[in-house]
Q: 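I'd like to ask some things about the structure below.
Just so it is clear, the values below take in all heavy atoms, side chains as well, and ignore hydrogens, waters and symmetry mates. Keep in mind it's a predicted model, so treat the numbers as computed, not measured.
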Amino acid sequence: MSKEDAQGCLKKSGGLQDRDASADASSSPVIAAFKVFQQELDTKHDKHERLVKISRDITIESKRTIFLLHRVTSVTDVESILKESDVKLDLVRRKIAQIAEELRGEDIFQFHRAFTAGIQEYVEAVSFQHYIRHRTLISLEEINAMLVFTKAQSTDAKEPAEEDAPPPTVAAVSAPPFQVIPSDYLLGVADLTGELMRMCIGSVGNGDIDTPFQLSQFLRQVHDGFSYIGNSGPYEVSKKLHTLRQSLAKVEDACYALRVRGSEIPKHMLADVFASRDAMMDADEGVA
C-alpha cells in the first residue's frame with residue numbers, strides 16, 4: 001500500500017470515528033439534559049428582557065403622571081387634572097397586566113428585579129394622586145385591588161355568520177392578578193415624600209400657605225411609621241429613610257419660615273426664599 005493510500009484510509013477511519021462520536025454525543029443523556037437546560041435558560045432570559053422593557057414603560061408613564069399632578073398647585077380646576085391622571089394610570093395598569101401575563105405560572109421572585117423599579121414608580125404615582133384627592137395615604141390593599149384584571153374573550157364559534165343569527169357573546173375572563181409586595185409599596189411611599197416636598201414648595205410659590213402645614217403633619221406621620229420599621233425592614237427602605245428625613249426637614253423649615261416671617265415676605269417672593277434656603281441646607285449636608 002502506498003503512502004497516499006495509507007493516509008486516505010486514516011482520514012476515512014478518522015471521519016467515521018468523528019461521526020460515531022457525534023452520534024454518541026447526540027444520543028447521550030447528559031447532552032440531552034444540557035440542551036433542556038439551555039432552552040430553559042434562554043426562555044428565562046427572554047422573559048427577563050421583556051419584563052425589563054415593560055418596567056421601563058411603566059416608569060416613564062408613571063413619571064409623566066407625577067409631572068401632571070404637580071400642576072394642581074397652579075390651576076383652579078384640580079378635578080380635570082385628576083381625571084387626566086386617571087386615564088394615564090389606567091394605561092400604566094395595562095402595562096402591569098402584561099407583567100401579570102408574563103408571570104403566569106412563574107415564581108414572582110425569580111423575576112422581581114426586572115420590574116421592581118417600575119412598580120415602585122407606579123406606587124409613587126398612584127399614592128400621590130390619592131393624597132391630592134383624599135389627603136390620606138393609600139393602603140397596600142387598595143393598590144392591589146386596582147390590579148385585578150379582566151379581558152374580553154369572544155366565545156362564538158368560527159363559522160359563517162347567518163343573517164338572523166344573534167351577535168357573538170363576549171365573556172369576561174379573569175386575567176392573572178398582580179400583587180404589589182410590601183417592600184415595593186414601602187419604597188414607593190418613601191419616594192412619595194420627595195414629591196410632597198416639591199408640592200409644598202410649589203404651593204407656597206402660588207400663595208397657598210395652608211397646604212405646607214397639612215403636608216408637614218402628614219410627612220411626620222409617614223416618618224414615624226417608617227421609624228417603627230427601623231432596621232428590620234428591607235435594606236433599600238433604610239437607605240431611603242435618609243431622603244425621607246431630608247424632605248421632612250425642608251417642609252418643616254418652610255412651615256417655620258411661614259409662621260415666623262410669613263407676614264414680612266410678599267407671597268410672590270416666598271418660593272425664591274425657600275429655594276435659597278433649600279440650597280443652603282443641601283450645601284451644609286454636603287459639607288457634613
Q: Backbone N or O of S203 within a donor-acceptor pair of the T73 side chain at under 3.5 Å?
A: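 Checking the backbone N and O of S203 against the side chain of T73, no donor-acceptor pair under 3.5 Å is found.
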Q: Do L140 and P182 have side chains that approach each other closer than 4.5 Å (heavy atoms only, starting at C-beta)?
A: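 Yes, at least one pair of side-chain atoms sits under 4.5 Å.
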Q: Step by step, would you call R198 with E195 a salt bridge (charged side-chain N to carboxylate O under 4.0 Å, His left out)?
A: CA-CA 5 Å; R198 296 180 184 91; E195 303 304 331; 3.3 Å; yes
Q: Any side-chain heavy-atom pair from V204 and I209 closer than 4.5 angstrom?
A: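 Side chain of V204 against side chain of I209, heavy atoms only: no contact under 4.5 Å found.
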Q: To the nearest 0.5 Å, how far apart are OG1 in T193 and CZ in R245?
A: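 If I round to the nearest 0.5 Å, the distance is 11.5 Å.
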Q: Measuring from T65:OG1 to L91:CG, what's the distance to the nearest 0.5 Å?
A: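 Going from the OG1 atom of T65 to the CG atom of L91 covers 8.5 Å.
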Q: Can you find a pair of side-chain heavy atoms, one from H242 and one from Q246, that are under 4.5 Å apart?
A: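 Sidechains of Q246 and H242: in contact.
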Q: Quick one: do V36 and L41 end up in the same hydrophobic cluster if we chain Ile, Leu, Val, Met, Phe, Trp and Tyr together by side-chain heavy atoms under 4.5 Å apart?
A: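 No; L41 is not reachable from V36 via cluster members.
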Q: Going through the checks in order, is the side-chain hydrogen bond (donor to acceptor under 3.5 Å, both in side chains) test met by T211 and Q214?
A: CA-CA 5 Å; T211 298; Q214 297 175 0; 4.7 Å; no
Q: Is there a path of hydrophobic side-chain contacts, each under 4.5 Å between heavy atoms of I/L/V/M/F/W/Y residues, joining I60 to I54?
A: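 Looking at the clustering, I60 is in a separate group from I54.
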Q: Classify the ring geometry between F115 and F178 as parallel (under 30°), tilted (30 to 60°) or perpendicular (over 60°).
A: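 F115 vs F178 ring planes: perpendicular.
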Q: Step through the shown structure and confirm whether more than 12 heavy atoms of other residues, nucleotides or ligands are within 6.0 Å of CZ on R113.
A: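 Check fails, neighbour count at 12 or below.
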Q: Any chance you could measure M199, atom CE, to D208, atom CG, to the nearest 0.5 Å?
A: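 It comes to 8.0 Å.
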Q: Keeping the roles fixed (side chain from H130, backbone from T136), state whether a donor-acceptor pair exists under 3.5 Å.
A: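 Such a contact is found between H130 side chain and T136 backbone.
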Q: Above 12 or not: heavy atoms from other molecules or residues under 6.0 Å from NZ of K95?
A: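 It does not: K95 NZ has 12 such atoms or fewer within range.
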Q: Is the distance between the ring centroids of F37 and F34 under 6.0 Å?
A: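 Aromatic pair counts; centres sit under 6.0 Å.
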Q: Going from CG on L241 to NE2 on H223, what distance comes out if it is rounded to the nearest 0.5 angstrom?
A: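 Result: 5.5 Å between the selected atoms.
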Q: Let me see the working for L186 and F226 under side-chain contact (heavy atoms from CB on, under 4.5 Å), right down to the final yes or no.
A: CA-CA 9 Å; L186 291 174; F226 274 93; 4.3 Å; yes
Q: For L219 and S247, work out which heavy atoms get closest and say how close.
A: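 Distance-wise, the nearest heavy atoms are CD1-O, 4.5 Å.
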Q: How close do V123 and G188 get, heavy atom to heavy atom, and via which atoms?
A: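 Heavy atoms only, the tightest pair is CG1-CA, 3.9 Å.
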Q: Does V52 belong to the same Ile/Leu/Val/Met/Phe/Trp/Tyr cluster as I99, with side-chain heavy atoms less than 4.5 Å apart forming each link?
A: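 Hydrophobic grouping puts V52 apart from I99.
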Q: Which atom pair, heavy atoms only, marks the closest approach of V92 to S62?
A: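 It is CG1-OG, 3.9 Å.
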Q: Can you check whether Q179's main-chain N or O pairs, donor with acceptor, with N144's side chain at less than 3.5 Å?
A: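 Not at all, since once roles are kept as given, no pair shorter than 3.5 Å links the two residues.
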Q: Surrounding NZ of K53 (heavy atoms of other residues, nucleotides or ligands, distance under 6.0 Å), is the total greater than 12?
A: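 No, NZ of K53 has 12 or fewer neighbouring heavy atoms, counting only those of other groups under 6.0 Å.
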Q: Checking side-chain polar atoms at under 3.5 Å, does E40 have a donor or acceptor matched by the opposite partner on T43?
A: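 Side chains of E40 and T43: no pair found under 3.5 Å.
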Q: Could you see if V78 belongs to whatever hydrophobic cluster contains L69? Use Ile, Leu, Val, Met, Phe, Trp, Tyr and a side-chain cutoff under 4.5 Å.
A: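 Shared cluster, yes.
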Q: Taking the basic N atoms (NZ, or NE/NH1/NH2) and the acidic carboxylate oxygens, is any pair closer than 4.0 Å for E252 and R220?
A: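 Salt bridge flag = yes for R220 with E252.
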Q: Is there a chain of hydrophobic side chains (I, L, V, M, F, W, Y, each step under 4.5 Å between heavy atoms) that links I58 to F67?
A: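 As far as the 4.5 Å side-chain criterion goes, F67 and I58 are not connected within one cluster.
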Q: Can a donor-acceptor pair be found between the side chains of Q129 and S85 at a distance below 3.5 Å?
A: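 Side chains of Q129 and S85: pair found under 3.5 Å.
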Q: Taking all atoms of both residues into account, what is the closest heavy-atom pair of S127 and L192, and its distance?
A: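 Scanning both residues completely, I find the closest heavy atoms to be OG-CD2, 3.6 Å.
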Q: Please determine whether the number of non-hydrogen atoms from other residues, nucleotides or ligands lying under 6.0 Å from atom CD of E106 exceeds 12.
A: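 Check passes, neighbour count above 12.
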Q: Could you walk me through whether K47 and F111 pass the side-chain contact (heavy atoms from CB on, under 4.5 Å) test, one step at a time?
A: CA-CA 9 Å; K47 186 184 291 290; F111 302 94; 3.6 Å; yes
Q: Does D57 come within less than 4.0 Å of R94, counting only side-chain N to carboxylate O?
A: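 Salt bridge between D57 and R94, a charged N being under 4.0 Å from a carboxylate O: no.
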Q: Pair K83, D77 - check salt bridge (charged side-chain N to carboxylate O under 4.0 Å, His left out), show working.
A: CA-CA 11 Å; K83 288 181 179 179; D77 190 4; over 6 Å; no
Q: Taking 4.0 angstrom as the limit, do E121 and K63 come out as a salt bridge?
A: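 Salt bridge present between E121 and K63.
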Q: Using the six-membered ring wherever Trp is involved, compare the ring planes of F109 and H112 and label them parallel, tilted or perpendicular (cut-offs 30° and 60°).
A: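 Aromatic pair F109/H112 classed tilted.
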Q: Think R259 forms a cation-pi with F213, using NZ or CZ under 6.0 Å from the six-ring centre and within 45 degrees of its axis?
A: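 Relative to the ring axis of F213, which defines the angle, R259 lies inside both limits.
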Q: Evaluate the side-chain contact (heavy atoms from CB on, under 4.5 Å) criterion for residues D253 and K250: first the C-alpha distance (whole Å), next the side-chain angles of each, then the deciding distance (0.1 Å), finally the verdict.
A: CA-CA 5 Å; D253 187 68; K250 290 179 181 180; 5.5 Å; no
Q: Starting at CG of L68, measure out to CG of L89 and round the result to the nearest 0.5 Å.
A: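 Result: 9.0 Å between the selected atoms.
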Q: Which residues pass the side-chain hydrogen bond (donor to acceptor under 3.5 Å, both in side chains) test with T116, not counting sequence neighbours?
A: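 T116: side-chain hydrogen bond (donor to acceptor under 3.5 Å, both in side chains) contacts with Q120, D184.
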Q: Should R50 and E102 be marked as a salt bridge (charged side-chain N to carboxylate O under 4.0 Å, His left out) after you check the CA-CA gap, both sets of side-chain angles, and the distance that decides it?
A: CA-CA 8 Å; R50 290 195 299 270; E102 291 286 351; 2.9 Å; yes
Q: Supply the atom-to-atom distance Y122 OH to R93 CZ, rounded to the nearest 0.5 angstrom.
A: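 Rounded to the nearest 0.5 Å, the OH-CZ separation comes out at 4.0 Å.
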Q: How about NE2 on H45, more than 12 heavy atoms from neighbouring residues, nucleotides or ligands closer than 6.0 Å, or not?
A: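 Not buried by this count: 12 neighbours or fewer within 6.0 Å.
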Q: How close do P212 and V251 get, heavy atom to heavy atom, and via which atoms?
A: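 Smallest heavy-atom distance, with atoms named: O-CG1, 3.8 Å.
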Q: Is the number of heavy atoms from other residues, nucleotides or ligands within 6.0 Å of CD (Q39) greater than 12?
A: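 Open: at most 12 neighbouring heavy atoms sit under 6.0 Å from CD of Q39.
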Q: So which atom in S55 and which in G118 form the shortest heavy-atom distance, rounded to 0.1 Å?
A: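 For S55 and G118, the tightest heavy-atom pair comes out as OG-N, 3.0 Å.
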Q: Side chains of Y131 and I138, heavy atoms from C-beta outward: is any pair under 4.5 Å?
A: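 No, their side chains stay 4.5 Å or more apart.
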